[in-house]
2 protein chains.
Amino acid sequence: MLDPVSRVRRFNRAVTSAVGALDTSFLGRGRPLGAARVLNAIGHGRSDVAEIRDYLGLDSGLMSRLLRSLEDEGLIETNAREDDARRRMAKLTRAGRREFAAYEALSNAQADGILAQHSQAEALLAAMDLIASALTRERVTLNEMDPQGAEARYCLGEYYAELGRRFKQGFDVSRSRDPDAKDMRRPRGTFIVAISDTLPIGCVGLKGTDHGYAEIKRLWVAPAARGLRLGRRLMDATEDAARELGIRLLRLDTNSALPEAGQLYRSTGWREIPRFNDDPYPDLFFEKRL
Amino acid sequence: MLDPVSRVRRFNRAVTSAVGALDTSFLGRGRPLGAARVLNAIGHGRSDVAEIRDYLGLDSGLMSRLLRSLEDEGLIETNAREDDARRRMAKLTRAGRREFAAYEALSNAQADGILAQHSQAEALLAAMDLIASALTRERVTLNEMDPQGAEARYCLGEYYAELGRRFKQGFDVSRSRDPDAKDMRRPRGTFIVAISDTLPIGCVGLKGTDHGYAEIKRLWVAPAARGLRLGRRLMDATEDAARELGIRLLRLDTNSALPEAGQLYRSTGWREIPRFNDDPYPDLFFEKRL
DNA sequence: CATGATGTCTGACTTTAGTCAGGTATCTCC
DNA sequence: GGAGATACCTGACTAAAGTCAGACATCATG
């Protein structure tokens with residue numbers, strides 16, 4: 001009852017029945033699950049028929065029939081794609097949007113129901129984030145994104161909050177050398193966000209300078225995604241981007257209150273060097289030649 | 001992407017596909033899922049046909065046919081029950097045990113696969129325990145059990161470990177007034193373990209004394225089960241048991257390093273009283289008249 | 001513009017899951 | 001020992017999901 005595998009299997013049993021309950025509530029709308037799934041895929045923004053078929057793992061004959069049944073119900077309409085008349089696009093009609101909203105309400109109610117039972121919802125959510133990240137690990141994508149976009153701003157907010165918790169003296173961005181967003185856009189640098197199924201779970205910035213090197217800044221991995229070696233993936237991607245931009249020398253600063261970061265740098269070919277800036281927060285400085 | 005409901009739904013998507021993958025691997029053994037589920041229920045020790053049917057939510061006709069198909073495969077045999085020849089018992093044949101072991105191996109491999117990907121398996125397991133407890137909350141059973149049985153000993157071990165972490169000076173059972181197991185068995189007292197689908201997640205002892213009162217001891221709730229108001233359920237059950245045993249006065253001691261416990265007692269009718277023993281660990285003492 | 005590849009659709013089929021109405025043997029209780 | 005309840009089984013049925021082959025229009029390419 002206590003070995004790791006039994007604990008995972010207990011977890012499996014628990015979530016299987018919770019997931020089954022959602023399916024049952026979907027059936028309550030009087031439509032087979034297959035059709036409901038297609039409708040929801042379209043509602044969530046997928047419109048290319050082949051893509052939906054692929055996403056849901058359906059045979060093309062079955063897919064075609066499900067689309068027809070949704071069309072007969074007046075919930076969707078399909079059109080040939082303009083650039084390739086063999087392919088079809090599906091979109092919701094007004095009635096379809098209403099029906100999709102009803103499914104969304106069921107999903108939201110189920111999610112709410114789980115949270116409402118629990119007096120420590122934040123702990124429950126953190127556990128769910130952790131598991132979702134672990135299970136979709138291979139589907140985490142690293143994307144170059146605007147350092148001032150919504151995803152980047154979210155990551156940076158979490159990053160600063162965590163520094164505030166971990167530094168004895170707290171952390172105030174305005175006292176740190178806040179890199180100009182321009183320095184983290186191509187061609188001077190870049191900003192990479194790790195996304196797991198819509199949720200940003202990590203980031204890193206590559207900041208161009210005029211001193212013959214570029215700096216790695218703002219490396220952050222969400223607590224829920226720790227243990228997945230995402231930090232290393234982010235660093236690898238940044239180094240690749242730097243090489244691509246013709247950068248030959250990288251530097252970074254960090255703090256000994258973040259031991260896991262220091263360990264990562266040391267184990268991936270970074271060399272400790274003397275202080276190279278006057279930022280008040282860092283006390284460790286590294287360099288790596290590409 | 002960041003509101004609680006979206007996070008729950010991201011979690012749902014992640015586990016749905018993981019669960020689906022396990023079903024698919026089960027299908028790889030060339031048997032429909034319905035039959036596989038019945039075989040596994042029997043392998044896990046369920047033998048009464050009506051009980052299995054109930055557990056899996058199957059129609060009696062369907063159940064009968066699934067049993068027949070497993071029998072035709074030579075994996076199970078069924079017999080009338082000795083005390084009631086209408087009812088049937090199913091058990092695995094030698095070939096059935098082999099086949100069951102193969103399914104177990106698939107389940108274990110899936111569980112292992114999830115754990116192996118993660119460099120911080122203990123954090124992942126804790127998150128799974130938390131979620132499994134939250135989802136099966138209404139199925140947590142409170143059972144009077146032997147205070148020296150495996151489940152009780154597990155709970156007490158976790159309890160002592162936690163006190164060790166939370167008391168500044170640590171915790172050494174031998175220095176505390178360790179209640180005699182006899183005092184926590186009927187008719188002098190009792191010991192209650194909360195079980196969630198095989199996993200013990202909380203306990204409490206009622207210890208009889210010869211001083212005109214009984215004591216509540218060893219109230220513990222697993223970290224994974226906090227937020228479910230299990231502490232209160234355990235206390236209610238203990239008070240019920242005490243009343244049943246004719247006990248009119250309850251006392252307990254606790255420590256201000258466990259604020260959530262003190263809060264629970266205060267909010268459920270306990271009154272703070274002066275020290276009534278010389279145990280070195282507690283610094284708070286309560287009493288409740290039933 | 002002919003050829004082969006691609007994307008979708010249709011018809012014919014199978015498997016799985018599930019429902020429902022009896023039927024039979026057995027049990028409980030008067 | 002008979003009446004009614006209970007547990008399981010069987011036959012007949014339906015719905016849903018999925019498979020497969022071939023048809024058809026459209027596209028890319030030489």
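Being a predicted model, the structure only gives us computed values, none of them experimental. Every chain is numbered from 1 and lettered A, B, ... according to where its sequence line falls, protein lines coming before strand lines.
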Sugar-phosphate only, base, or nothing, as touched by A:R53 at under 4.0 Å among non-hydrogen atoms = sugar-phosphate
With a 4.0 Å cut-off, would you call A:E244 and A:R186 a salt bridge?
yes
To the nearest angstrom, the CG-P distance between A:D23 and D:dA17 comes to 10 Å
Taken to the nearest whole Å, CG/A:L58 to P/D:dT19 is 9 Å
Are A:R139 and A:D197 within salt-bridge range, i.e. N to O under 4.0 Å?
no
Contact under 4.0 Å: A:R68 side-chain N or O vs C:dC9 OP1/OP2: yes
Between A:E82 and B:V49, whichever has its closest DNA chain D nucleotide further toward 5' is B:V49
Salt bridge (Lys or Arg N to Asp or Glu O under 4.0 Å) test vs A:D48 passes for just one of A:R81, A:R86, A:K91, A:R53, namely A:R81
Flag side-chain contact, heavy atom, 4.5 Å: B:R185 against B:Q148: yes
Item to check | Salt bridge A:E104-B:R9, side-chain N to carboxylate O under 4.0 Å | outcome: yes
To the nearest angstrom, the CG-P distance between B:N79 and C:dT26 comes to 14 Å
N/O to N/O distances under 3.5 Å, protein versus nucleotides 11-15 of chain D:
{"from": "D:dG11", "atom 1": "N7", "to": "B:R65", "atom 2": "NH1", "distance (Å)": "3.1"}
{"from": "D:dG11", "atom 1": "O6", "to": "B:R65", "atom 2": "NH2", "distance (Å)": "2.7"}
{"from": "D:dA12", "atom 1": "N6", "to": "B:R65", "atom 2": "NH2", "distance (Å)": "3.4"}

Between protein and nucleotides 15-17 of chain C, what N or O pairs are separated by less than 3.5 Å?
{"from": "C:dA17", "atom 1": "OP1", "to": "B:L33", "atom 2": "N", "distance (Å)": "3.4"}
{"from": "C:dA17", "atom 1": "OP1", "to": "B:G34", "atom 2": "N", "distance (Å)": "3.0"}

Exercise for review: Side-chain contact test, heavy atoms from C-beta onward, threshold under 4.5 Å: evaluate it for B:E151 versus B:C155 and give yes or no.
Suggested key: no
Please check: side-chain N/O of A:R233 versus main-chain N/O of A:V140, any donor-acceptor pairing under 3.5 Å?
yes
Does B:R86 get its side chain close enough to the base of D:dT6, under 3.5 Å, for a donor-acceptor pair?
yes
Residue pairs meeting side chain to side chain donor-acceptor pair (under 3.5 Å), one or both in residues 20-32 of chain A, sequence neighbours left out, come to A:R29-A:E99, A:R31-A:E73, A:R31-A:E99, A:R31-A:Y103
Just call it for B:D84: base, sugar-phosphate, or nothing, with non-hydrogen atoms closer than 4.0 Å on any strand. sugar-phosphate
- Item | Electrostatic pair A:D240:A:R243 at N-O distance under 4.0 angstrom | yes
Taken to the nearest whole Å, CG/B:D59 to C1'/C:dC20 is 8 Å
When rounded to whole Å, the CE to P distance for the pair A:M63 and C:dT8 reads 8 Å
Out of C:dC9, D:dC8, D:dC9, minimum distance to the side chain of B:S64 belongs to D:dC9
